[in-house]
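Numbers for residues simply follow the sequence, beginning at 1.
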Amino acid sequence: MKRITRVLGVGAVLSLLAGAALAQTTPGPCGQFKITNEISAPGKKTISVDVLFGNQWLKTRPIAMKFGEQLQTAVQFPDTAGCTMAYNVLVDQQVYGTGITNFCSLIRFRVLPTGAEPMLDTTGASCPGG
């Protein structure tokens, strides 16, 4: 009887480990991407990205950037996050661009004089910016 209990216990532990390994290999948004400031203006612009997950906005840290700078940023996604989500790009704390994009293949947000544009990895790579 003890042997059966021990075998069942080992089986349960192996099942948990296998489940954790599968959860880590399942594609999902890594949350790392770049922002490129392409707004030609004197001084710096403070740029950030908000991502809608469920009914909550996940936010990047605001970054002060000069024209032509490209910097890495990140969003902390929950484990249950899917790839496609809505976003707001903010410039100087004002919504500058909105849309829906695939955060699993997002490389960068280009902040242009006319708005914000997501750039995706065309090879289909998952988390190319990470």
Side-chain angles (χ1 to χ4, degrees):
M1 186 66 157
K2 284 184 181 180
R3 183 172 181 200
I4 293 173
T5 305
R6 188 174 299 141
V7 170
L8 289 175
V10 170
V13 169
L14 291 175
S15 294
L16 287 173
L17 291 174
L22 287 175
Q24 290 174 350
T25 59
T26 303
C30 57
Q32 296 183 21
F33 51 88
K34 294 178 173 93
I35 297 175
T36 304
N37 180 7
E38 299 181 33
I39 301 172
S40 178
K44 293 185 175 189
K45 300 285 184 190
T46 301
I47 302 172
S48 62
V49 178
D50 295 347
V51 181
L52 185 61
F53 174 73
N55 60 358
Q56 165 185 2
W57 287 98
L58 308 174
K59 300 172 180 284
T60 65
R61 179 181 54 82
I63 304 171
M65 300 175 69
K66 296 186 293 190
F67 170 69
E69 281 189 307
Q70 176 174 280
L71 298 171
Q72 184 89 12
T73 192
V75 173
Q76 183 65 44
F77 288 112
D79 292 339
T80 57
C83 290
T84 304
M85 290 176 266
Y87 66 85
N88 288 334
V89 174
L90 291 86
V91 175
D92 295 331
Q93 298 179 351
Q94 300 295 316
V95 175
Y96 190 74
T98 63
I100 297 172
T101 196
N102 181 335
F103 280 86
C104 292
S105 61
L106 179 69
I107 296 172
R108 82 172 54 88
F109 278 106
R110 292 177 62 201
V111 181
L112 305 162
T114 57
E117 173 184 296
M119 293 184 64
L120 305 179
D121 185 301
T122 56
T123 65
S126 183
C127 294

> Listed by chain and number, what are the ring-ring contact (aromatic ring centres under 6.0 Å, His included) partners of F53, not counting sequence neighbours?
Replying inline: none

Could you tabulate the donor-acceptor pairs under 3.5 Å formed by side-chain atoms of residues 60-67, not counting sequence neighbours?
residue : atom : partner : partner atom : Å
T60     : OG1  : V49     : N            : 2.9
T60     : OG1  : V49     : O            : 3.3

Please round to the nearest 0.5 Å and tell me the distance separating atom [atom1] of [X] and atom [atom2] of [Y].
| X | Y | atom1 | atom2 | answer |
| --- | --- | --- | --- | --- |
| M85 | I100 | CE | CD1 | 11.5 Å |
| Q32 | L106 | CD | CG | 11.5 Å |
| I35 | R108 | CD1 | CZ | 11.5 Å |
| L120 | S105 | CG | OG | 4.0 Å |

> Does I47 belong to the same Ile/Leu/Val/Met/Phe/Trp/Tyr cluster as L71, with side-chain heavy atoms less than 4.5 Å apart forming each link?
Replying inline: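 In one cluster with I47: L71, yes.
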
>> How about C104 and C30 - are their SG atoms less than 2.5 Å from one another?
In response: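 No, no disulfide: SG-SG not under 2.5 Å.
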
Do any side-chain atoms of residues 109-117 form donor-acceptor pairs under 3.5 angstrom with protein atoms, and if so which ones, sequence neighbours left out?
residue : atom : partner : partner atom : Å
R110    : NE   : E38     : OE1          : 3.4
R110    : NE   : E38     : OE2          : 2.8
R110    : NH1  : E117    : OE2          : 3.3
R110    : NH2  : E38     : OE1          : 2.8

> Between L58 and P78, is any pair of side-chain heavy atoms under 4.5 Å apart?
Replying inline: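 Touching, per the 4.5 Å side-chain cut-off.
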
> Should F103 and V75 count as side-chain neighbours, where that means a heavy-atom distance under 4.5 Å?
Replying inline: no

>> Considering only residues two or more places apart or on different chains, which pairs with a residue in residues 43-55 satisfy side chain to side chain donor-acceptor pair (under 3.5 Å)?
In response: D50-K59

> What pairs meet the side chain to side chain donor-acceptor pair (under 3.5 Å) rule with one or both residues in residues 76-98, with sequence neighbours excluded?
Replying inline: none

> Which ILVMFWY residues are connected to L52, directly or by a chain of links, through side-chain heavy atoms under 4.5 Å apart?
Replying inline: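 Besides L52, the hydrophobic cluster comprises W57, listed by chain and residue number.
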
> How close do A81 and P29 get, heavy atom to heavy atom, and via which atoms?
Replying inline: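 In this case the closest contact between A81 and P29 is O-CD, 3.5 Å.
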
> Got a sec, which pairs hit salt bridge (Lys or Arg N to Asp or Glu O under 4.0 Å) with one end in residues 97-106, sequence neighbours left out?
Replying inline: none

